[in-house]
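Some notes on the structure that comes next.
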Number of protein chains: 2
Amino acid sequence: MWFAPLYPIRPVNQRKEASYNREIPRHIRVYEVVRQHISGGVYSPGDLLPSENELCQLHKVTRPTVRKALDRLANEGFIVRHQGKGSIVKGVPKGVGILAIQGTTSAVGKEKLLTRIITGPEIRSWTEAFSFPLSKVEQESGCLYLERLRIVDNKPVFFDVTMIPNINMPRFTSRNLENKSLFDVLRKNYRLEVKGGEQRILAITADERLMHFFGVPAGHPVVQLNRRIETNRPGFFLYSQVFCNTDEFVLSGNF
Amino acid sequence: MWFAPLYPIRPVNQRKEASYNREIPRHIRVYEVVRQHISGGVYSPGDLLPSENELCQLHKVTRPTVRKALDRLANEGFIVRHQGKGSIVKGVPKGVGILAIQGTTSAVGKEKLLTRIITGPEIRSWTEAFSFPLSKVEQESGCLYLERLRIVDNKPVFFDVTMIPNINMPRFTSRNLENKSLFDVLRKNYRLEVKGGEQRILAITADERLMHFFGVPAGHPVVQLNRRIETNRPGFFLYSQVFCNTDEFVLSGNF
DNA sequence: AAACAGAACTTGTAAACACAAGTAATCAAC
DNA sequence: GTTGATTACTTGTGTTTACAAGTTCTGTTT
């Protein structure tokens, strides 16, 4: 059985169009607006957001709709809600640190960090990708190999090995990477964005080479990170291995 | 002005008790049950979850309530929803490895992991929170102290120290935490959700105690993690220190 | 048998309502 | 002035109703 609608819920579409032009849900609209207001500085951290009922009036929607928007904002860390008080702006959720998504450059701060290229960049065939499995395509293409030593406050802290599949990476071997963020170069010159990845962490004792680079005695403990980094290019991964002398600098990051 | 309720919404509380024993919201109840069914293997990845209406009947709640539970499950990656089709089980979200956001239990898999309580849970005064700064309130409240040894495949792999501010944590010291996920206990009994945090990683050599726990010789390298973990309770942080013997198991996680 | 129409499901969006519970300001009583 | 109850906010939870829109099966038509 069919019942005539008691009231018109949404304004009749003026023009019927393809589905890609379908209305954006109202709770998402509200979310977008408030989110932009927070990241745009209309509301500062610590501010009290308009109450749910005020937001209802502002956006001409009902409370469940507003609440759905605020649910998401709270979930993503833009706001904190307090029963009986209101929603307090927390700010734009801070990014993920060295261990999470960015290279060491942005974590330590560009000023104090020097990067010395030890080897490469040069084309090699894969030996292994730090125990991550390699696809056939990757294996056949060879890799761009790079070894760097990172120096903070005149002390060598990181030694990293980076391996990038040699697929559509023109002129990479002739690039000057000294004191540059690798991720910046990849983003600007190859439109490669880091999306996420997987990492494995272990503690080892320094081998001859690390003893030499870090200037530490035999038996010195070192953190080793093996990372497989996803990019916006589907199926294209960066592989990197980082050794870190945590005597004076620790690896820190948010999650 | 006051209006008599048109209908009784929820069954009258049989006995009025203190606030820590307040009713757990129904959408959270439903969430917990379905979540356990997924991680417990009642539903396998690829399976179609009961429809929202069926879940309504099962749990004797209405659709918005069920939807709120499913919203969260989808958000956390347990399920994927398809309009017109249903909700498909994706499985326990891997990736939330030890380094990212969850405890070791979900990272390794519950089957193989045993947890032995070494000390506590007991109330102590703070000595320090692994070099994280403590607020005045935290310092004055004292902390719940807990030491655990995690055993994977009969090999001790993790030793962790957890410190929780003793603020509104009734009966925590008398809880049995043996072979349980601490985060699960906190979520179910105290409605504490992990939101994120900060961690610092370093490599050390095992001291007397770790040599004993891990059964490793002197000079053995060990990964140390100091973590400050944010929760949904504003200003309430968990502090934990994890030592990991990475000989046979590495710390892995996604980002 | 193949194609189409429709019914009968599914989830997605949104409103309107009712009440619970936490917070903060106000105001009266002491 | 201080205390304590009241009141007027705030967010939290839950129900009911209505319709939109995607998917799948079924039955009829061709």
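All heavy atoms count here, side chains included; hydrogens, waters and symmetry mates do not. In what follows, chains are A, B, ... by sequence order, proteins preceding strands, each numbered from 1.
- Neither side chain, B:Tyr239 nor B:Glu128, offers a donor N or O lying under 3.5 Å from an acceptor on the other.
- Heavy-atom nearest nucleotides on DNA chain C were determined for A:Lys60 and for A:Lys85, and the one closer to the 5' end corresponds to A:Lys60.
- The distance between atom OH of A:Tyr31 and atom C1' of C:dT13, rounded to the nearest whole Å, is 18 Å.
- Taking atom CD1 of residue A:Ile24 and atom P of nucleotide C:dG12, one finds them 17 Å apart after rounding to whole Å.
- B:Pro25 comes within 4.0 angstrom of the backbone, heavy atoms only, and of no base.
- Checking D:dG22, D:dT11, C:dT23 against the side-chain heavy atoms of B:Gln83 singles out D:dG22 as nearest.
- Among the nucleotides D:dT11, C:dT11, D:dG14, the one closest to the side chain of B:Arg81 is C:dT11.
- Taking atom NE2 on A:His59 and atom P on C:dA14, their separation rounds to 13 Å, with Å as the unit.
- In this structure, B:Arg67 reaches the C:dG12 phosphate: one of its side-chain N or O atoms is under 4.0 Å from OP1 or OP2.
- Contact annotation for A:Ser51: backbone-only contact, meaning every heavy-atom pair under 4.0 Å involves sugar-phosphate atoms and none involves a base.
- Side-chain atoms of A:Arg63 come within donor-acceptor range of the base of D:dG12, with a qualifying N/O pair under 3.5 Å.
- Candidate nucleotides C:dA15, C:dT13, D:dT11 were compared by shortest atom distance to the side chain of A:Lys68, and C:dT13 ranks first.
- One can place CZ of B:Arg29 at 10 Å from P of D:dG14, the figure rounded to the nearest angstrom.
- With distances taken from any side-chain atom of B:Arg191 to the nucleotides C:dA14, C:dA16, D:dT13, the minimum falls on D:dT13.
- Between A:Asp71 and A:Lys68 there is no salt bridge, since no side-chain N of the basic residue sits under 4.0 Å from a carboxylate O of the acidic one.
- OP1 or OP2 of C:dA14 sits under 4.0 Å from a side-chain N or O of A:His27.
- Taking a 6.0 Å sphere around CZ of B:Arg29, one finds it holds 12 or fewer heavy atoms contributed by other residues, nucleotides or ligands.
- Between B:Ser240 and B:Arg228, the side chains place no donor N or O within less than 3.5 Å of an acceptor N or O (distance only, hydrogens not considered).
- When the P atom of C:dA25 is taken as reference, atom CG of A:Leu48 falls 12 Å away, rounded to whole Å.
- Per the geometry, CG belonging to B:Leu73 stands 13 Å off P belonging to C:dT11, to the nearest Å.
- Taking side-chain N and O atoms only, A:Thr65 has no distance below 4.0 Å to OP1 or OP2 of C:dT13.
- Between the CG atom of A:Leu55 and the C1' atom of D:dC9 there is a distance of 15 Å, rounded to whole Å.
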Report task. List the steps, then state whether side chain to side chain contact (heavy atoms under 4.5 Å, CB included) holds for B:Phe130 with B:Met163. Result -> CA-CA 10 Å; B:Phe130 318 131; B:Met163 293 163 98; 3.6 Å; yes

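- Across the protein-nucleic acid pair, B:Ile88 atom CD1 and D:dG22 atom C1' stand 13 Å apart, rounded to whole Å.
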